[in-house]
2 protein chains.
Amino acid sequence: MKLSARKLRILQAIIDDYIRSAEPVGSRTLAKKYELGISSATIRNEMSDLEEMGFLEQPHTSAGRVPSDKAYRLYVDKLMKVRSLDQREAEYIKETYESTIDQIEQIIFHTAEILSEVTNYTSLAMAPRLNKVMIRHIQLVQVDEELALLLIVTSSGILRDTLIRIPEGINNDYLSRVSNILNEQFRGKTIDQINTEEISSTWDKFLKNRKFLSSLLDILIQRFRESEKREVYLGGTTNIFNFPEYQDIIRAQSFLNLMEEKDLLYDILANSAEDGVWVSIGSENSYDELHDCSIVTATYSLEDRVLGTIGLIGPTRMEYSKAVSVMDYMGKALSRYLTKLYGR
Amino acid sequence: MKLSARKLRILQAIIDDYIRSAEPVGSRTLAKKYELGISSATIRNEMSDLEEMGFLEQPHTSAGRVPSDKAYRLYVDKLMKVRSLDQREAEYIKETYESTIDQIEQIIFHTAEILSEVTNYTSLAMAPRLNKVMIRHIQLVQVDEELALLLIVTSSGILRDTLIRIPEGINNDYLSRVSNILNEQFRGKTIDQINTEEISSTWDKFLKNRKFLSSLLDILIQRFRESEKREVYLGGTTNIFNFPEYQDIIRAQSFLNLMEEKDLLYDILANSAEDGVWVSIGSENSYDELHDCSIVTATYSLEDRVLGTIGLIGPTRMEYSKAVSVMDYMGKALSRYLTKLYGR
DNA sequence: GTTTAGCACTCAACAAAGGAGAGTGCTAAC
DNA sequence: GTTAGCACTCTCCTTTGTTGAGTGCTAAAC
């Protein structure tokens, strides 16, 4: 069977209506509300065809029909008109960025909050993958007799540091010699590329303070490990209660429990598109728990390195056109903002 | 009317039973399950008295009875036996502390997670109030031609830092002169005690780079402001679904929404006891939204300065004896751990 | 004076029964 | 190919009993 223009029009009307109302759509409603120029009986016949073709589903015999995941996919790919973002919303996003602080993690966290505010969906934001970023500078700074600070600066200005205790009798000169060696070893590499054994052997130059030096290395490595931490920030988790499909306590709970599985969420974001906006609908998701959710993601970058992904999650009956336009805008705005702050 | 020993025994039995079952307790159940040595009719009479005295409430005529907030208060103050913590749980807490990282905020966050794991309640943890902590050292470190790092070390080793851009032609010497001045101004003060105007006038010594210096000051002040940030970490928010009283979607939602109001939660923690464990039951809470929750808090300290508060929140039908013992243990364990890490 | 057995009464919770309403599929006519 | 009409289906809601746990009261027993 072919998807005639009329069938498409009807399908579009059903999807639009269902996205708005969350109620199965019947032929009579359709005939009355949308100016399709055909009677409900004709619509019934067409709907029957659409069901046979897998675009519609019936919760039970005497209910209206509901779009299938396949229908949403068609909608997203062909039918939907992606509006560009509302002037007011774009303005709002811009403004909030201007007033934020400059720690990269905080910016991402804040981004998640804005996303959920603007869309009323639950938002996800993956912390930047700093292990893809080059180390630019490592330095030990003496704070006082007991303490020194170990600094790691990456090529994008992102910073890690740790306060460490130093043994007695170590002075600033000594620390800067150590710094130089560390720099030789690390500079220009990404965290992924570091070879710890090689470094360890370098310490042989230093006869004294072996213990201190190797603990220093431990700390460094630990800090690098942390950068690989698969952190996900969430926004608007309780927005899910706004949707009638989550009025059921069991479903709401299982959704919220899912949102606590940061590792899984991270995987979802990490496995979405490599660049740009990406939509995954219901059963397209590789995780069972998400079979009645849809996810819209966008990547964000610093200069032209993709650092991470942000996303929205909601019922399959999602306002895709809005979600896609917001994500598109947001991914770009965030990238611009990061590049402005940390780019060269 | 006097609270006879028998009335107390009955009340205790009712509270114990209700805490376990969440079902109104009837006289027959009581007579059968607990060896009180009296018949259900006698218990009925006593229960009627207890209701008159305000210790019991009846959801409706033909239901059993439920302890009132007043009863829980009596229970917490007089009746309950505070067990010391289960060996296994104490062990578990100790172990997890040993494997954590050393950023103070992370430790606190992790504490919240442990708390909710051990108790199955929702946990709260207030970030440390660093504005009560003395500034020990401020330093500017040059990273390369464009960037420098501004460091603030407090008396308890807690660190804040920011990467800043420096104007051309500024060298390390210059930065260390500036550092010295900043140190003169700030060292030994708490963040609360800083007088920004006084500092601003100090810049007059420097003819060049006024703009850089004043932006530096802005950043410093901003960082201090951040330290006053009223941050609260949560653990186990979805644990609330385990309780039958939150099977109702409206109540669950309003609870979860409440948990998003970080400012309010911060206030609650900040206004609990100044030191040690504290219990607030139902209507004792000053916020309406919490009238059917109870909160158990404990403070944590570094050396002997109280830095913040951790807490548990759950239905008034809470296992107070467990909650109190866990909070007591945890407050102390956290303080010990912080002191070990950051104390002198 | 307490304690207890017995009984009438109350009320929520559950289940069954009976519309009402929305929607479908089919048929026959246009 | 389109449409009106009608029988049929199925959920949802309301109504109506029924059950069971629990109470309060009274009168007898201790």
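A note on names: the letters A, B, ... follow the listed sequences, proteins ahead of strands, and every chain is numbered from 1.
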For C:dT4, does either OP1 or OP2 sit under 4.0 Å from a side-chain N or O belonging to B:Arg28?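 For C:dT4, neither OP1 nor OP2 has a side-chain N or O of B:Arg28 closer than 4.0 Å.
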Does D:dG22 have OP1 or OP2 under 4.0 Å away from a side-chain N or O of B:Thr29?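 Yes, within the criterion.
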Tell me what [X] touches on the nucleic acid: a base, only sugar-phosphate, or nothing, going by heavy atoms under 4.0 Å.
X       : result
A:Ser27 : sugar-phosphate
A:Thr42 : base
A:Ala63 : sugar-phosphate

Side-chain donor-acceptor pair under 3.5 Å between A:Thr122 and A:Asn239, yes or no?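 On atom types as modelled, these side chains do not qualify, holding no pair under 3.5 Å.
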Just checking, is any N or O donor in the side chain of B:Tyr34 or B:Asp17 under 3.5 Å from an acceptor N or O on the other one?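 A donor-acceptor contact under 3.5 Å links the two side chains.
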On DNA chain C, check which nucleotide each of B:Glu46 and B:Pro59 is closest to and give me the residue with the more 5' one.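 On the 5' side of the pair lies B:Glu46.
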Specify the residue among A:Ala41 and B:Arg6 whose closest nucleotide of DNA chain C lies further upstream toward the 5′ end.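 The residue whose closest nucleotide sits nearer the 5' end is B:Arg6.
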Of all the choices, [options], which nucleotide is nearest to the side chain of [X] once you look at every atom?
X       : options                : result
B:Arg44 : D:dT2, C:dT24, C:dG6   : C:dG6
A:Ser62 : D:dG24, C:dG23, D:dT2  : C:dG23
B:Arg65 : D:dG24, D:dT2, C:dT4   : D:dG24
A:His60 : D:dC10, C:dT24, C:dC11 : D:dC10

Minimum-distance pair of heavy atoms, taken over all atoms of B:Leu36 and B:Arg9: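 Looks like CD2-NE, 4.2 Å.
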Rounded interatomic separation in angstrom, taking [atom1] from [X] and [atom2] from [N]:
X       : N      : atom1 : atom2 : answer
B:Asn45 : D:dC25 : CG    : C1'   : 9 Å
B:Gln58 : C:dA12 : CD    : P     : 11 Å
A:Asp49 : D:dT2  : CG    : C1'   : 14 Å
A:Leu30 : D:dT3  : CG    : C1'   : 16 Å
B:Leu36 : C:dT3  : CG    : P     : 13 Å
B:Glu57 : D:dT23 : CD    : P     : 15 Å
A:Glu51 : C:dT24 : CD    : C1'   : 10 Å
A:Met47 : D:dT3  : CE    : C1'   : 17 Å

Parallel, tilted or perpendicular: which fits the ring planes of B:Phe243 and B:Tyr121, with parallel below 30° and perpendicular above 60°?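 The arrangement is parallel - the two ring planes meet at less than 30°.
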Go through it in stages, so that I can follow the logic: the residues are B:Asp49 and B:Asn45, the test is side-chain contact (heavy atoms from CB on, under 4.5 Å), and I'd like the CA-CA distance, side-chain angles, deciding distance and then a yes or no. CA-CA 6 Å; B:Asp49 291 349; B:Asn45 291 330; 5.6 Å; no
